Amino acid sequence: MTIFAKIIQGAIPCNKVYEDEHILAFHDIAPRAKVHVLVIPKQMHLAGLQDVSDADRELMGYMMAKIPHIAALLGVDKTGYRVVTNNGPHSGQEVPHLHFHILGGEQLKHL
Ligand code: AMP
């Protein structure tokens, strides 16, 4: 079980920003920007984008549509923010549970 699964189940606490029946958003424990929040699906079958199938189209669209709402809750919607997903070893992905990083609150270095 991943650390995110434990957070979803409430076995490990998180600093929650947003939650509904499909997704959970919480502050990253080791922030890489002034605002650094993780958005994760509550479903546990997706380790990364490689696992996404047609059956996940609704969930993937739902997560994308919620990110601007979460950004507004964080107060970064007007100033802008970066959305990142690490996928696999070369990306440095640490947690094999699909998630999106929202980074902002300051000027980020250009990619
Ligand atoms: P990734 O490297 O894309 O897999 O991102 C995993 C992220 O999860 C990292 O930025 C970690 O700092 C973060 N993280 C790990 N454990 C926790 C936790 N218990 N609460 C919040 N964030 C965490």
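Side chains are part of it too, since the values below use all heavy atoms of this structure and drop only hydrogens, waters and symmetry mates. Just so it is clear, the model here is predicted, and its values are computed rather than measured. Whatever order the structure lists ligands and atoms in, that order sets their numbers, starting from 1. Numbering starts at 1 and runs along the sequence shown.
- To the nearest 0.5 angstrom, Met60 atom CE is 5.5 Å from Leu49 atom CG.
- In terms of protein heavy-atom proximity, atom 7 (C) of ligand 1 is nearest to Asp28 OD2, 3.4 Å.
- Residue-level proximity to ligand 1 for His27 is carried by the backbone, the only part with a heavy atom below 4.0 angstrom.
- Within ligand 1, the atoms closer than 4.0 Å to a non-hydrogen atom of Asn86 are 1 (P), 2 (O), 3 (O), numbered from 1 in the order shown.
- No N or O atom of Ile12 sits closer than 3.5 Å to an N or O atom of ligand 1.
- Residue-ligand proximity, His101 to ligand 1, at heavy-atom distances under 4.0 Å covers atoms 1 (P), 3 (O), 5 (O), 10 (O).
- Atom numbering of ligand 1 starts at 1 in the shown order; those under 4.0 Å from a heavy atom of Ala30 are 12 (O).
- Contacts between Asn15 and ligand 1, counted as non-hydrogen atom pairs separated by less than 4.0 Å, are absent for every part of the residue.
- Considering backbone and side-chain N/O atoms, Glu94 comes within less than 3.5 Å of an N/O atom of ligand 1.
- The closest heavy-atom contact to atom 10 (O) of ligand 1, among the options His99, Gln93, Arg32, comes from Arg32.
- Contact atoms of ligand 1 toward Phe26: 21 (C), 22 (N) (distance under 4.0 Å to a heavy atom of the residue).
- Of the heavy atoms in Phe4, only side-chain atoms (C-beta onward) come closer than 4.0 Å to ligand 1.
- Ligand-side atoms of ligand 1 in range of Gly92: 2 (O), range being under 4.0 angstrom from any heavy atom.
- At a 3.5 angstrom cut-off on N or O pairs, Ile29 counts as close to ligand 1.
- The aromatic rings of His36 and His101 lie tilted to each other, with the angle between the two planes from 30° to 60°.
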